[in-house]
**Q** 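Handing you a structure now.
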Amino acid sequence: MSLTGKHILSSDLFDRDELERLFELADLLVPVARGEQVTRVLEGAVMASLFFEASTRTRLSCESAFLRLGGAVTSTTGTGVTSISKGESLADTARVVGGYCDLVVMRHPEVQSIHDFAGATNVPVVNAGNGAGEHPTQALLDMFTLHREFDRLGKSMDGRRIALVGDLLHGRTVHSLMKLLTRYEGLTIACVSPAELGMPAELLELAAARGHQVEVSDKPAIALREADVVYATRLQTERFADKPVPYSDDFRIDRALVERVCTADAVIMHPLPRDSRSGSNDLATDLNSDPRLAIFRQTDNGIPTRMALFASVLGVVDEIRSSLRTASWYRPAFTGPDDAPFYRR
Ligand code: NCD
């Protein structure tokens with residue numbers, strides 16, 4: 001299947017072959033993402049980034065990925081500064097913006113929004129999060145992270161135990177991730193959440209139908225045992241304003257819990273942002289210097305993954321290899337002071 005010209009609205013679009021092709025390309029692009037090499041395959045192309053909901057890493061990493069490919073970016077954030085505040089429909093906005101660019105990345109608080117938008121333009125649209133629906137590019141970078149972490153650990157993807165923890169009802173990243181995980185073989189997927197915030201039934205059924213072992217639990221201390229991957233998520237309080245369901249202390253993934261129940265080579269992930277306020281019971285900062293914590297390797301992986309996707313959607317993949325040049329500007333050996341020694345730039 002070719003991704004050229006396609007809208008990327010759901011992670012459903014990617015089967016195992018497509019994922020492996022994207023990872024090979026993303027591996028090739030890691031030195032470009034890290035500022036060691038340069039490519040200009042998208043020179044002259046314009047990306048429009050429309051974020052009608054809060055974002056830090058998705059917007060900046062999509063924009064950075066497009067810029068690293070040599071393209072240019074135009075962007076708007078919030079609805080207050082666009083004509084949507086004057087009553088313009090998303091369909092009209094889509095048709096207009098499509099005339100200004102070659103690819104659109106959009107985030108919006110409503111699930112239906114991305115479909116209405118993409119239906120009104122032939123310019124490829126990439127879903128950067130539609131309410132509590134999906135977040136396919138996050139799931140791609142999460143899978144790319146697993147590909148790289150398992151490669152380093154000498155493990156294969158098949159047969160692993162994956163624990164998804166937290167607000168699995170409203171967390172769009174885990175919805176898209178479930179669909180991609182099911183493309184592999186013989187996984188045990190433990191969905192660990194307070195009962196009110198469980199993974200939607202159709203996603204549990206999809207995983208079971210594709211031959212995976214599915215466990216549903218509200219006890220992180222038990223479900224995390226022997227997990228190859230712990231994927232924590234934030235309570236999405238903005239999606240259930242009227243009755244917040246606080247995590248109990250049991251959901252706090254901190255050093256004490258990890259030391260007690262996780263294996264020495266577990267991979268600990270989170271789409272971020274993590275809620276670091278006291279009492280939030282999210283992934284704790286006392287794990288920052290633990291090399292099992294892969295969250296910043298994960299954010300770094302967002303750049304090559306999104307570069308691979310944009311290059312595929314705009315049909316320039318075959319030009320990349322011959323276009324690579326060495327970069328000469330300064331970069332530190334480690335991006336973060338807590339970066340694990342195996343993770344050199
Ligand atoms: C997530 C999102 O926006 O869905 N963030 C992200 O894009 N990495 C997760 C979240 O907000 O909790």
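In each ligand, atom 1 is the first atom listed, and ligand 1 is the first ligand listed. Quick caveat: nothing in here was measured; it's all calculated off a predicted structure.
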**Q** Distance-only, no hydrogens or angles: does the Lys179 side chain make a donor-acceptor pair with backbone N or O of His175 under 3.5 Å?
**A**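 No; judged by distance alone, with no hydrogens or angles, the pair does not exist.
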**Q** Going from CE on Met47 to SG on Cys62, what distance comes out if it is rounded to the nearest 0.5 angstrom?
**A**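 Rounded to the nearest 0.5 Å, the CE-SG separation comes to 5.5 Å.
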**Q** Rounded to the nearest 0.5 Å, how far does CG of Leu42 lie from CE of Met307?
**A**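 The CE atom of Met307 sits 8.5 Å away from the CG atom of Leu42.
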**Q** Heavy-atom pairs closer than 4.0 Å: do any link ligand 1 to the side chain of Thr173, the backbone, both, or neither?
**A**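 Just the side chain.
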**Q** Would you give the length of the straight line joining atom CG of Leu50 to atom OG1 of Thr93, rounded to the nearest 0.5 angstrom?
**A**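 Here the interatomic distance stands at 8.0 Å.
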**Q** Atoms of ligand 1 less than 4.0 Å from Pro271 heavy atoms?
**A**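 Counting atoms of ligand 1 from 1, those under 4.0 Å from Pro271 are 8 (N).
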**Q** Please state whether Glu53 comes within less than 4.0 angstrom of ligand 1, counting heavy atoms only.
**A**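 The answer is no: ligand 1 sits nowhere under 4.0 Å from a heavy atom of Glu53.
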**Q** Given Arg172, Gln236, Glu238, Arg274, which has its nearest heavy atom closest to atom 2 (C) of ligand 1?
**A**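 Looking at heavy atoms only, the winner is Arg172.
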**Q** Is it true that Pro273 lies under 4.0 Å from ligand 1, counting heavy atoms only?
**A**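 Yes.
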**Q** For atom 11 (O) of ligand 1, which protein heavy atom lies nearest, and how many Å away is it?
**A**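 Going atom by atom, the protein heavy atom closest to atom 11 (O) of ligand 1 ends up being Arg234 NH2, 2.8 Å.
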**Q** Of all the non-hydrogen atoms in the protein, which one sits nearest to atom 9 (C) of ligand 1, and at what distance?
**A**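 Answer for atom 9 (C) of ligand 1: Leu272 O, 3.5 Å.
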**Q** Report, in ascending order of atom number, the atoms of ligand 1 lying under 4.0 Å from any heavy atom of Thr58.
**A**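 Under 4.0 Å from Thr58, ligand 1 has these atoms: 6 (C), 7 (O).
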**Q** CZ/Arg172 to CG/Asn130 distance, rounded to the nearest 0.5 angstrom?
**A**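 Arg172 atom CZ to Asn130 atom CG measures 7.5 Å (nearest 0.5 Å).
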**Q** With a 4.0 Å cut-off on N to O distance, would you call Glu149 and Arg297 a salt bridge?
**A**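 Between Arg297 and Glu149 there is a salt bridge, with a charged N closer than 4.0 Å to a carboxylate O.
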